[in-house]
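Proteins get letters first, then strands, A, B, ... in listed order; numbering begins at 1 in each. Since the model is a prediction, treat every value here as computed from it, not as a measurement. All values below were derived from every heavy atom in this structure, side-chain atoms included, with hydrogens, water molecules and symmetry-related copies excluded.
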Protein chains: 2
Amino acid sequence: MLTKKRHQLILELLAREEVVKMQTIVEQTGASESTIRRDLSQLEEAGHLRRVHGGATANHMQIDEPSYIEKSDRFVEEKNQIARAAADLIEDGMYVYLDAGTTTLAIVPYLEQKAITVVTNSLPLANTLLYHRIPTFVVGGQLKHSTQALVGYNAREGMLIYHFDVAFLGMNGVHPTQGFTTPDPEEALVKKTAIELAKKSYVLVDETKLDEISFSRVAPLRAATIITTASNEQTAKYSQYTEVVNAK
Amino acid sequence: MLTKKRHQLILELLAREEVVKMQTIVEQTGASESTIRRDLSQLEEAGHLRRVHGGATANHMQIDEPSYIEKSDRFVEEKNQIARAAADLIEDGMYVYLDAGTTTLAIVPYLEQKAITVVTNSLPLANTLLYHRIPTFVVGGQLKHSTQALVGYNAREGMLIYHFDVAFLGMNGVHPTQGFTTPDPEEALVKKTAIELAKKSYVLVDETKLDEISFSRVAPLRAATIITTASNEQTAKYSQYTEVVNAK
DNA sequence: CGTAAAATGAACGTTTTTTATAGAAATAAA
DNA sequence: TTTATTTCTATAAAAAACGTTCATTTTACG
């Protein structure tokens, strides 16, 4: 069996089970133990898995986060309503920050006729903005695989040279006392920085994000206005902490 | 069996399976091992597949499949030769800068098994690197429409926090006295900065770029080594100014 | 036909990959 | 804790695959 084939097989096993035993891989591939050890070392160095005593374990963040594609076709209608409401807040001459995420991506088509400059940390957004010929700046930083966004310390540093009239952010959790939260700490840092640099910030969420708490704290509720399609009953408890815009 | 027929069969095998063993191809075609080796070398140079120890694997960079029956584009072939020569210079653990351009893009598939970190200012490169799961940092800056690259003063500032073991650059003009040149001053600034920050720099050009002068000066010839498919006669006059690597 | 160019297959030394093995480290059992 | 067992790393030997060269065959073309 070819090296590449073995590597593929190992990664497939890891996609199904969180941990895989050395013995299992040896049986499945028919290769010697030495060879599998070497494979595991190589795959670990390439960042595809983590070696543990007796085998290997998957390397993706334990914090579960549905992949970009999975997310995109859920709640399409809500996203568009939210995106439209957000776009209506943007006026000519503004400098706009667009965070990574499918909801913010949905804003782009509504921006085509506006004379604005956009800053983003998202690769898909940058591509879409390019397509719509909207003047764009991209924040530098480490490219995160699962969200195709630029994150981390370098991204924060790269953002500090800009100032925004308005920032639009996606978010995984919105909670009355815990505020805005998101799974990845490095993404949280970027979102937090965007809020700091913007005169006014908006968080775009569908109803499934309300009352949720994710791992990393981004900011308290008062730091941004919430734009959502959730009903007024659902958002009532948030209104005392910050402004809430109903996009329906 | 005719050469064309064999090539066709090999590509069909690769369309079905991600990797194909040498032995399998030999059996299927009835040709000798030597002949299949030659076939694989040719198909790799033409950019249709990637050779691996023991066989071949599909090439993901190739989005559309140009008919292999026609003589494949001469420049595509040259780009791949240059890209391969460049990739051979990259070792595990290196921090690598990849400039925007189609030649540098062609390097990416050859990087898959290397444990490296890449920095780039190109959106298409960032996407491809993401696909190949290579750890990537993106330089921030203004997004230029025509080249889908990040350029300008902000890009330069964003780069200054990095240091590279090696940088690979595309270039529009290479000239004995005028050095390296490119049309856009803002791109020239980025290229110049990359050269400053790298321990060693390589300029990747096919023969059509030699003896050409473009608008913006990037650096003198001695600042970088030239990798090209041009003949030794064509490159002779450059050898007195800087190192020249023949990729053929 | 006959010659030149291109393609093929076998041989051979070199490089890469795999396997086996022995001692160290980690885990489990006594 | 001490001992036994498993798993690990490092290294050397074996096997497989590689590129190169060259004689032979096939194809192209006058």
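- The NZ atom of B:K5 sits 15 Å away from the P atom of C:dT8 (whole-angstrom rounding).
- Across D:dA17, C:dT19, C:dT8, the shortest atom-to-atom separation from the side chain of B:R6 is found for C:dT8.
- Using a 4.0 Å heavy-atom criterion, one finds that B:V26 contacts no nucleic acid atom at all.
- Look at CG on A:L2: it is 14 Å from C1' on D:dC18, rounded to the nearest Å.
- Classification of B:K144 and B:E187 as a salt-bridged pair holds, one side-chain N sitting under 4.0 Å from a carboxylate O.
- Residue B:T35 has its side chain nearest to C:dT8 when only C:dA11, C:dT8, D:dC8 are considered.
- Among B:F180, B:F164, B:F168, B:Y97, the single residue meeting the ring pair (Phe, Tyr, Trp, His ring centres under 6.0 Å) criterion with B:Y202 is B:F168.
- Place A:R38 and A:H53 on DNA chain C by their nearest nucleotides, and A:R38 ends up nearer the 5' end.
- Distance, A:D39 CG to D:dT9 C1': 16 Å, rounded to whole Å.
- Following rounding to the nearest Å, B:D88 (CG) and C:dT16 (P) show an atom-to-atom distance of 11 Å.
- Here the CD atom belonging to A:Q178 is positioned 12.5 Å from the CD atom belonging to A:E212, to the nearest 0.5 angstrom.
- A donor-acceptor contact under 3.5 angstrom links the side-chain atoms of A:S34 to the base of C:dA20.
- Taking the nucleotide of DNA chain D with the nearest heavy atom to each of B:G54 and A:E33, the more 5' of the two is matched to A:E33.
- The CE-P distance, from A:M22 to C:dA26, rounds to 16 Å in whole Å.
- A straight line from CD of B:Q42 to P of C:dA6 spans 13 Å, rounded to a whole angstrom.
- A 6.0 Å sphere centred on NZ of A:K21 holds no more than 12 heavy atoms belonging to other residues, nucleotides or ligands.
- Sequence order on DNA chain D of the closest nucleotides to A:G55 and B:G55 puts A:G55 first from the 5' end.
- For B:R51, the side-chain atoms get nearest to D:dC18 when compared with the rest of C:dA20, D:dC18, D:dC8.
- Residue A:R37 has a polar side-chain atom (N or O) positioned under 4.0 Å from OP1 or OP2 of D:dC8.
- A close approach under 4.0 Å does not occur between any side-chain nitrogen or oxygen of B:T3 and OP1 or OP2 of D:dT27.
- With rounding to the nearest 0.5 Å, the separation of CZ in B:F137 from CG in A:N154 is 5.5 Å.
- Between B:I36 atom CD1 and D:dA16 atom P the separation is 20 Å, expressed in whole Å.
- Summarising the geometry, the separation between NZ on B:K4 and C1' on C:dA7 is reported as 15 Å, rounded to the nearest angstrom.
- Contact annotation: A:S32 reaches the phosphate of C:dT19 (side-chain N/O to OP1 or OP2, under 4.0 Å).
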